[in-house]
There are 2 protein chains.
Amino acid sequence: MSTTVEKLLDQAESEIRQRGYHAVSFRDLAASLGIKSASVHYYFRQKEDLGIALVKRYGEQFFSILDEKAEELDNPLQAVIDVYRNALTSSDRICLCGMLGAEGCGIPKTLSDEVAAFFQANIDWIAETLPKTVSVAERKRRAEHSVATLQGAMMLATSLNDHKVFDRAANSLLE
Amino acid sequence: MSTTVEKLLDQAESEIRQRGYHAVSFRDLAASLGIKSASVHYYFRQKEDLGIALVKRYGEQFFSILDEKAEELDNPLQAVIDVYRNALTSSDRICLCGMLGAEGCGIPKTLSDEVAAFFQANIDWIAETLPKTVSVAERKRRAEHSVATLQGAMMLATSLNDHKVFDRAANSLLE
DNA sequence: GTCAATCTATCTATTGATAGGTAACGTTAA
DNA sequence: TTAACGTTACCTATCAATAGATAGATTGAC
């Protein structure tokens with residue numbers, strides 16, 4: 001049995017990943033849990049606080065699963081693809097940071113900073129796993145390309161309502 | 001001197017590409033032009049109508065510029081990259097359809113359908129320019145990969161506040 | 001006089017946010 | 001032992017701001 005905070009975070013993540021930050025209200029969230037919007041403010045003083053908690057939790061979960069997956073598989077890039085694919089197919093939603101990253105300066109700055117940190121960590125993680133025989137600049141370039149493709153592929157697959165679009169675009173990274 | 005409708009479309013496109021559909025209001029738009037929100041409703045009965053007009057115009061302009069660019073250059077994929085790059089660097093904003101595509105089911109269905117059509121046309125355009133020696137399925141895969149990468153790269157570059165991220169990720173497509 | 005383009009005024013719904021109340025429960029101290 | 005207190009987790013009620021939308025008046029060009 002999860003706590004109210006966890007349920008709130010789960011619900012908020014689900015709704016924001018589906019419709020965006022501005023399309024989700026405290027009242028919606030509260031109603032989904034059968035409580036009142038004032039109770040959501042009890043846990044998160046401002047909407048911004050909820051957003052930040054959400055991105056932090058998302059990042060922790062993401063890298064935790066990624067590290068685990070990378071140990072199982074011998075190909076780190078395949079691990080990244082698997083984690084992204086699972087994020088998409090298990091819920092038919094794009095990445096939380098993909099959504100918030102798109103909304104750019106429409107969301108509080110503290111929140112977009114947190115989102116940027118997620119992307120940077122994602123790029124660094126991938127760059128670190130590439131062969132050391134490749135230059136630092138080239139590793140960075142390839143890592144950026146991978147993250148860009150995966151994020152774009154999630155959005156594209158969701159818009160075109162076809163997860164296979166993600167698979168095809170993502171698998172192109174493995175060549 | 002552009003008409004009020006054109007100014008409205010310009011302003012709406014600029015604001016939506018920067019902050020998202022839900023973060024833009026008729027009052028904001030009207031105020032930017034020095035008119036009242038009721039006058040915006042005179043041109044676009046509902047917000048949804050404005051959105052659809054916006055995506056249609058965006059698509060027309062996009063493919064018009066793309067065709068032009070493709071005639072100048074001998075490499076069609078380079079033309080696509082150039083058009084995307086210019087969309088990003090000239091205004092520091094992501095693609096209109098990238099934003100609306102992310103917002104997914106948070107926007108009216110008629111609008112998301114229009115966005116999906118843009119993406120499909122974009123994929124088809126690229127697939128068509130790839131060598132006929134390559135199978136149809138493979139051309140489709142490569143085209144999807146290109147669009148995914150370019151869309152993701154715009155978002156990533158905007159979030160990380162560094163246009164070079166776009167250039168590096170996009171140039172990876174030319175290999 | 002007609003009509004396009006704008007206005008004023010207003011409606012209802014929703015938003016994020018706050019103040020203050022209450023019921024349940026554990027802790028503490030006489 | 002039990003009365004008092006504090007904390008947690010909600011609640012009701014309400015606010016000011018903003019949203020999309022509409023009705024109907026006005027203005028000015030042709």
Side-chain angles (χ1 to χ4, degrees), chain A residues 1-55 57 96 99-100 103-112 114-115, chain B residues 1-55 96 99-100 103-112 114:
Chain A
M1 192 58 185
S2 58
T3 66
T4 300
V5 187
E6 282 161 354
K7 282 187 217 155
L8 271 177
L9 289 169
D10 289 345
Q11 188 66 28
E13 181 184 317
S14 170
E15 293 194 20
I16 291 180
R17 283 175 61 187
Q18 195 162 40
R19 311 202 308 271
Y21 184 80
H22 292 293
V24 175
S25 73
F26 273 33
R27 276 177 182 78
D28 288 346
L29 293 177
S32 298
L33 302 207
I35 60 175
K36 299 292 167 178
S37 76
S39 304
V40 182
H41 281 280
Y42 171 74
Y43 293 103
F44 304 99
R45 205 170 155 269
Q46 300 179 90
K47 194 178 182 183
E48 184 176 343
D49 299 326
L50 169 61
I52 291 171
L54 225 39
V55 174
R57 187 183 75 149
L96 175 68
M99 176 66 83
L100 297 176
E103 288 184 291
C105 64
I107 60 174
K109 176 136 196 336
T110 52
L111 190 48
S112 54
E114 207 69 50
V115 170
Chain B
M1 192 57 186
S2 57
T3 66
T4 300
V5 187
E6 282 161 352
K7 282 188 216 156
L8 271 176
L9 288 169
D10 289 344
Q11 187 66 28
E13 181 184 318
S14 170
E15 292 194 20
I16 291 180
R17 282 175 62 186
Q18 194 162 41
R19 310 202 308 271
Y21 184 79
H22 293 292
V24 175
S25 74
F26 274 32
R27 277 179 181 77
D28 289 346
L29 293 177
S32 298
L33 301 209
I35 60 175
K36 300 292 167 178
S37 76
S39 304
V40 182
H41 281 280
Y42 172 75
Y43 293 103
F44 304 99
R45 205 171 155 269
Q46 302 178 91
K47 194 178 182 183
E48 184 176 343
D49 299 327
L50 170 60
I52 291 170
L54 225 38
V55 174
L96 175 68
M99 175 66 84
L100 297 176
E103 287 182 292
C105 65
I107 60 174
K109 178 141 195 332
T110 51
L111 190 47
S112 54
E114 207 68 51

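Numbered from 1 within each chain, the chains take letters A, B, ... in sequence-line order.
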The salt bridge (Lys or Arg N to Asp or Glu O under 4.0 Å) partners of Asp10(B) (sequence neighbours excluded) come to Arg57(B)
Residues in side-chain contact (heavy atoms from CB on, under 4.5 Å) contact with Ser14(B), at least two apart in sequence or another chain
Arg93(B)
Quick one: salt bridge (Lys or Arg N to Asp or Glu O under 4.0 Å) pairs with a partner in residues 38-51 of chain B, sequence neighbours left out?
none
Gap between atoms CG and C1', on Asp28(A) and dT14(C) respectively (whole Å)
10 Å
Rounded to whole Å, please give me the gap between NZ in Lys36(B) and C1' in dT27(D).
16 Å
What is the distance, to the nearest angstrom, from the CG atom on Leu50(A) to the C1' atom on dT15(C)?
15 Å
Is there a side-chain contact between Ser39(B) and the phosphate of dC7(C), meaning an N or O under 4.0 Å from OP1 or OP2?
yes
Can you measure Asp49(A) atom CG to dA17(C) atom C1' for me and round it to whole angstrom units?
12 Å
With a 4.0 Å cutoff (strictly under), does any side-chain N or O of Tyr42(A) reach OP1 or OP2 of dT18(C)?
no
With 3.5 Å as the limit, what N/O pairs link the protein to nucleotides 20-22 of chain D?
residue : atom : partner  : partner atom : Å
dG20(D) : OP1  : Val24(B) : O            : 3.4
dG20(D) : OP1  : Lys47(B) : NZ           : 2.9
dG20(D) : OP2  : Phe26(B) : N            : 3.1
dG20(D) : N7   : Arg27(B) : NH1          : 2.9
dG20(D) : O6   : Arg27(B) : NH2          : 2.8
dA21(D) : OP2  : Lys47(B) : N            : 2.9
dA21(D) : N7   : His41(B) : NE2          : 3.3

List the residues meeting side-chain contact (heavy atoms from CB on, under 4.5 Å) with Glu114(A), not counting sequence neighbours, and say none if there are none.
Ile52(A), Val55(A), Lys56(A)
I'd like to know if the side chain of Glu103(A) reaches the main chain of Tyr21(A), judged simply by a donor and an acceptor atom lying under 3.5 Å from each other, with no hydrogens or angles considered.
yes
Please report the distance, rounded to the nearest Å, between CG in Leu8(A) and P in dA9(D).
12 Å
Would you list the pairs meeting side-chain hydrogen bond (donor to acceptor under 3.5 Å, both in side chains) in which at least one residue belongs to residues 34-43 of chain B, sequence neighbours left out?
none
Look at Thr4(A) and dA9(D) and indicate whether a side-chain polar atom (N or O) is within less than 4.0 Å of OP1 or OP2.
no
